[in-house]
Amino acid sequence: MTDILELISGLTRQAVQKTFGTDVGPLALEFAENAAHGDLTVNAFHLAKALRKPPPALAASLAAALSGQGPITKAEAVGGYVNLTLDRATLVDSAVRPVLDDAANAGRNNLLNGRSMLVEFSAPNTNKPQHLGHLRNNFLGDTVARILANAGAKVNRVNLINDRGIHICKSMLAYQQFGNGETPKTVGRKGDHFVGEWYVRFEKEFQLEVDAYIESNEAAFQSYFETHRLDRKGQPRVEADVRKEWRATFKEENFGKIPMGAAAQEMLRQWEAGDSSTVALWKEMNSWVFEGFDSTYRRLGISFDKIYYESEAYKLGRNLILDGLEKGIFSRRADGAVEIDLSDKGLGKKVVLRSDGTSIYITQDIGTTVAKAEEWKADGQIWVVADEQRHHFANLFAILVKMGYPWAGNLHHLAYGMVNLPEGRMKSREGTVVDADDLLDEVVALASEEIRRRDDQATDADIARRAESIALAALRFMLLKVLPSTTMIYNPKESIAFDGETGPYLLYTHARMTRMFAESGQSEHGGATKFDAGLLVEPSEIAIARVLLQFRQATERAARDYAPSAVAKWLVDIAQAANTWYQEVPILKAADPALRESRLVLAKAIAEAIAAGSALLGIQMVGRM
RNA sequence: GCACCGGUAGCUCAACUGGAUAGAGCAUCGGAUUUCUAAUCCGACGGUUGUGGGUUCAAUUCCCGCCCGGUGCGCCA
């Protein structure tokens, strides 16, 4: 059937053409926020430039031309706007039917038809378990992949695990020195947590050595003081301040001078040289971590088409740079380092190969990006990575453009802000990092309590199953309803308070609607044939129809802006409209059988729309709360 | 110093990329329940959109200055 929005848009375009003799092309309609402004609005200000007439006059002529056309029962000019009111029955019918026919399709759009997109996300390190920030990353990546697929793109999702480098050597070293051959199995610990604890142990032991070194090396401070005794303006500084600064920077700058640091560096050298016992230990500890990651991903409902490992990918890119050097894209400095000048892109010069010829971080990223584009035949790539790395990605993209890849203009860094707690910032040094698994357990426990309070008949197994779903919905919705770029505060208590704009609110609304339908004794199909939109004339029913019509607009915007929050917002709108309706209007108890039937069908449509929208956010419905 | 991100109701967040009276949720206060599942609904209260200019018929949105917070600016990752 013809989409009613396209129909009205077409009528408006025709009206403009007929009245002013100019075709202004497809017209965008706005949904009226205020019921007093009708259902849809044509903004005459936007037409004013093309038609060179004052907006109020335009609006008046358009209103006259549109009134009575098709389903438009009233067209009223107010200032520079034309407010359209649609025939109630047509409005309701055209909003509900598509959802009943195919709810998933009602929210589908074709913004990215024919495109092939690659979404890279998660990217954990193997030295510790995932934390709250990874949850935001995982949910964003997974959801954006769903939203792009919903917009018609072929989407593949990949993960690049950082399994090499000094950080994993720290865990390995502490384990080697203090582990006594324990394994996750012997101590009954999840593998990634187990390895993470050895990382913490390293930091602790290392800090003891640092403290000792600082205590016994006053001479080291004195030499630092010599070179830092004056401030920027050349004024003498207070010694205590300099000492504080020295302590703060000491650890990083003297890593290799401290025994544990030196040992970790040596271990990295051995790993790179392929030393068999080092590699064996590395493999064993990584396998523990991967086991832990697997179980977390499974629990979160996150999956990947492929997982890459930096240990296999870190050498990529070097040859591309050398090729580019011959072509003159890169240049060799006097000291031997290879660099590229990005000043025409508003960036500086960027080194891409060290003077000793070895790779750096961006070299690897150039290599993996090219490899991924080829492997997946992707004409666009997205990275879900924290916003601290904006500059890195700006460099990466600018370099790839200069290298001339046809897809280089189609790369996007989906930068997201930090997630903080109400108590303040998460800091690994202060042990205030929230572990992802622990957090989920906490939310599940709270959900279980709620269920138990309301349902004393449920078995433990049943409660556990329901609590898991509700907790996941709560967590996912909380993290996705905020724009990615926003530095957000996650309040665990609020997320388990099941009222307001929450996942459980959606689940509850859905359960209410489906349960009513089930209790009515109607078969799944057949009801729709008796659906009579003309009977649904209550304001709360019209309101629902208007929200349903905005489904596609929400998914389009989500795909265009990589903003799951657009879908989340729409879900809250439809749930609110549904609950208001439920409160104000008898449905199962409606006296007239035909009316009862039509309302039940509406309830079904609402439930399916909520399920479809939630599915885009990776949120599964539950049978009962 | 330079660049980027942000500053909107007491709190957490929106505002369809320049459009109508800046909207939700939480919190607070007042109402609705012999229920169709009240994990709900209705109402009230709450704003000089950090600040000062500018552009525009129209600015939370664009431009410039300033203030505050955050993050970057490596031959680290």
Side-chain angles (χ1 to χ4, degrees), chain A residues 28 30-34 36-37 41 43-46 48 54-56 78-81 83 125 162 164-167 232 252 310 314 333 335-339 346-348 350-365 386-392 394-395 415 417-418 422 425 450-451 453-455 470 478 481-483 485-491 494 497-502 504-505 507-509 511-513 515-516 519-520 550 553-554 556-557 560-561 563 565-566 568-569 572-573 576 578-590 599-600 603 624-625:
Chain A
E30 294 168 18
F31 289 93
E33 302 156 27
N34 188 335
H37 294 153
T41 296
N43 189 330
F45 287 100
H46 295 158
V78 180
Y81 299 93
N83 294 328
N125 288 354
N162 182 3
R164 64 170 283 276
I166 195 72
H167 59 87
R232 196 165 295 175
E252 276 179 54
E310 287 201 10
Y314 79 106
R333 287 197 326 210
D335 61 6
V338 177
E339 68 174 14
L347 300 158
K350 177 66 190 167
V351 170
V352 290
L353 278 182
R354 293 192 184 98
S355 48
D356 66 4
T358 56
S359 293
I360 57 174
Y361 183 47
I362 201 157
T363 320
Q364 172 193 306
D365 263 3
D387 59 11
E388 294 118 41
Q389 297 205 37
R390 282 195 142 100
H391 189 245
H392 167 74
N395 276 334
M418 210 184 304
R425 307 189 47 191
E450 285 292 326
I451 296 167
R453 225 177 58 202
R454 286 155 223 278
D455 184 353
I470 291 169
M478 269 298 190
K481 76 169 182 178
V482 177
L483 284 168
S485 59
T486 304
T487 300
M488 66 174 291
I489 293 181
Y490 172 74
N491 186 336
E494 216 171 88
F498 292 165
D499 52 328
E501 300 171 332
T502 68
Y505 179 71
L507 299 190
Y508 173 68
T509 310
R512 248 183 167 182
M513 296 296 140
R515 198 153 183 82
M516 198 164 48
E519 277 176 13
S520 73
Q550 295 177 49
Q553 178 189 273
E556 268 176 12
R557 203 191 145 212
R560 192 183 65 230
D561 298 345
S565 53
K569 174 70 169 58
V572 169
D573 286 346
Q576 282 175 341
N579 281 312
T580 297
W581 174 60
Y582 182 90
Q583 201 77 25
E584 288 180 357
V585 173
I587 301 162
L588 268 179
K589 286 183 176 172
R599 285 189 174 151
L600 282 167
R624 54 181 298 143
M625 294 296 283

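Remember, it's a predicted structure, so these values are computed and weren't measured experimentally. Below, all heavy atoms of this structure are taken into account, side chains as well, without hydrogens, waters or symmetry copies. Below, chains carry the letters A, B, ... as their sequence lines are ordered, and counting in each starts from 1.
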**Message:** Taking B:A24 as the reference, what is the distance to B:C41 when you measure between their C1' atoms (whole Å, please)?
**Reply:** 16 Å
**Approximate separation, where rounding is to 0.5 Å, of A:Ile587 CD1 and A:Arg512 CZ** = 9.0 Å
**Message:** Roughly how many Å apart are B:G1 and B:C66, using the P atom of each and rounding to a whole number?
**Reply:** 10 Å
**Nucleotide nearest A:Asn83 when distance is taken to its side chain, options B:C4, B:U40, B:A20** = B:A20
**Request:** Sequence neighbours left out, what passes side chain to side chain donor-acceptor pair (under 3.5 Å) with A:Lys350? Give chain and number order.
**Result:** none
**Request:** Applying ring pair (Phe, Tyr, Trp, His ring centres under 6.0 Å), name anything that partners A:His37, two or more places apart in sequence or on another chain.
**Result:** none
**Prompt:** Taking atom C1' in both B:U8 and B:U60, what distance in whole Å separates the two?
**Reply:** 7 Å
**Request:** Using a cut-off of strictly less than 4.0 Å, decide whether A:Arg560 has a side-chain nitrogen or oxygen near OP1 or OP2 of B:C16.
**Result:** no
**Request:** Taking only the side-chain heavy atoms of A:Thr41 (C-beta and beyond), determine which of B:U37, B:A20, B:U40 contains the nearest atom.
**Result:** B:A20
**Asked** How close or far is atom C1' of B:U37 from atom CE of A:Met516, stated in whole angstroms?
**Response** 10 Å
**Message:** By the 4.0 Å heavy-atom rule, please label A:Asp561 as base, sugar-phosphate, or nothing.
**Reply:** base
**Whole-Å distance separating the CE atom of A:Met478 from the P atom of B:A24** = 19 Å
**Nearest-0.5 Å distance, CG of residue A:Asp365 to OH of residue A:Tyr314** = 15.5 Å
**Item:** Carboxylate-amine/guanidinium proximity below 4.0 Å for A:Arg354 and A:Asp356
**Value:** no
**Asked** Can you tell which of B:G25, B:A39, B:A77 lies closest to the side chain of A:Ile360?
**Response** B:A77
**Message:** From C-beta outward on A:Arg390, which listed nucleotide comes closest to its side chain: B:C5, B:A39, B:A77?
**Reply:** B:C5
**Message:** Please classify the nucleic acid contact of A:Pro54 as base, sugar-phosphate, or nothing, using heavy-atom distances under 4.0 Å.
**Reply:** nothing
**Message:** Run the side chain to side chain donor-acceptor pair (under 3.5 Å) test against A:Asp499 and tell me which residues pass, sequence neighbours left out.
**Reply:** none
**Request:** Could you pull out all residues at least two apart from A:Lys481 that satisfy side-chain contact (heavy atoms from CB on, under 4.5 Å)?
**Result:** A:Phe477, A:Met478, A:Glu501, A:Ala568
**Item:** A:Asp335, nearest nucleotide to its side chain (from B:C57, B:C4, B:C75)
**Value:** B:C75
**Message:** Taking any heavy-atom pair under 4.0 Å as a contact, classify A:Glu310: base, sugar-phosphate, or nothing.
**Reply:** sugar-phosphate
**Item:** Nearest-nucleotide pick for A:Gln553, side chain only, options being B:A77, B:C16, B:C75
**Value:** B:C16
**Request:** Select from A:Ser485 and A:Tyr361 the residue whose nearest nucleotide in RNA chain B is closer to the 5' end of that strand.
**Result:** A:Ser485
**Fill in**
With syn defined as a glycosidic angle within 90 degrees of 0 and anti as anything else, the base of B:U56 is anti
**Asked** Want to settle it: does A:His392 or A:Phe45 sit nearer the 5' end of RNA chain B, counting the closest nucleotide to each?
**Response** A:Phe45
**Message:** Say we look at B:C5 and B:G30: how far apart would their P atoms be, to the nearest angstrom?
**Reply:** 46 Å
**Request:** May I ask you to say what A:Ala511 touches in the nucleic acid, namely base, sugar-phosphate or nothing, with a heavy-atom cut-off under 4.0 Å?
**Result:** base
**Message:** In whole Å, I'd like the distance from the CG atom of A:Asn43 to the C1' atom of B:A58.
**Reply:** 11 Å
**Message:** Side chain of A:Asn579 only, heavy atoms from C-beta on: which candidate in B:U37, B:U40, B:C75 is closest?
**Reply:** B:U40
Each nucleotide N or O in nucleotides 11-14 of chain B that has a protein N or O under 3.5 Å away: list the pair and distance.
unit_1: B:C13; atom_1: OP1; unit_2: A:Ile489; atom_2: N; d: 2.4
unit_1: B:A14; atom_1: OP1; unit_2: A:Leu483; atom_2: N; d: 2.8
unit_1: B:A14; atom_1: OP1; unit_2: A:Thr486; atom_2: OG1; d: 2.7

**Item:** Separation of the P atoms in B:G6 and B:G10, to the nearest angstrom
**Value:** 22 Å
**Request:** Would you kindly give the CG-to-C1' distance between A:Asp455 and B:U37, to the nearest whole Å?
**Result:** 11 Å
**Carboxylate-amine/guanidinium contact A:Arg560 A:Glu556, below 4.0 Å** = no
**Request:** Looking at every strand, decide which applies to A:Arg333 at a 4.0 Å heavy-atom threshold: base, sugar-phosphate, or nothing.
**Result:** base
**Atom-to-atom span, CD of A:Glu556 to P of B:C16 - whole angstrom** = 15 Å
**Prompt:** Within the structure shown, what part of the strands sits under 4.0 Å from A:Glu30 by heavy-atom distance: base, sugar-phosphate, or nothing?
**Reply:** nothing
**Message:** List the residues meeting side-chain contact (heavy atoms from CB on, under 4.5 Å) with A:Asn43, not counting sequence neighbours, and say none if there are none.
**Reply:** A:Glu30, A:Phe45, A:His46, A:Tyr81
**Message:** Just to be sure I follow the notation: if a pair is Watson-Crick (purine N1 to pyrimidine N3 plus N6-O4 or O6-N4) or a G-U wobble (N1-O2 and O6-N3), each under 3.5 Å, what dot-bracket string does RNA chain B give, with | for pairs to another strand?
**Reply:** (((((((..((((.....[...)))).(((((.......))))).....(((((..]....))))))))))))....
**Minimum-distance nucleotide (side-chain atoms of A:Ala337 versus B:U40, B:C16, B:C75)** = B:C75
**Item:** Span that lies between the C1' atom of B:G72 and that of B:G25, in whole angstrom
**Value:** 34 Å
**Fill in**
Side-chain atoms of A:His391 come closest, of B:A77, B:A24, B:G72, to B:G72
**Request:** Please report, rounded to the nearest Å, how far the C1' atom of B:C76 is from the CZ atom of A:Arg354.
**Result:** 8 Å
**Message:** Would you say A:Thr580 places a side-chain N or O within less than 4.0 Å of OP1 or OP2 belonging to B:C42?
**Reply:** yes
**Asked** Between A:Gln389 and A:Tyr361, is any side-chain donor less than 3.5 angstrom from a side-chain acceptor?
**Response** yes
**Item:** Working for side-chain hydrogen bond (donor to acceptor under 3.5 Å, both in side chains), residues A:Asn579 and A:Tyr505
**Value:** CA-CA 10 Å; A:Asn579 281 312; A:Tyr505 179 71; 3.1 Å; yes
**Pi stacking test for A:His37 and B:A20: under 5.5 Å apart, planes under 30°** = yes
**Asked** A:Phe31: what forms a ring pair (Phe, Tyr, Trp, His ring centres under 6.0 Å) with it, not counting sequence neighbours?
**Response** none
**Request:** Nearest whole angstrom, please: distance from the C1' of B:C75 to the CG of A:Asp356.
**Result:** 8 Å
**Prompt:** Would you say the side chain of A:Gln389 and the base of B:C4 hold a donor-acceptor pair, judged only by whether the two atoms sit under 3.5 Å apart?
**Reply:** no
**Message:** Using atom C1' in both nucleotides, what's the gap between B:U28 and B:A9 to the nearest angstrom?
**Reply:** 13 Å
**Rounded interatomic separation in angstrom, taking OH from A:Tyr505 and P from B:A24** = 13 Å
**Message:** Please give the distance between the P atoms of B:U49 and B:A20 as a whole number of Å.
**Reply:** 15 Å
**Message:** Holding to side-chain contact (heavy atoms from CB on, under 4.5 Å), I want the full list of residues that pass it with A:Pro54, two or more places apart in sequence or in another chain.
**Reply:** A:Pro56, A:Ala57
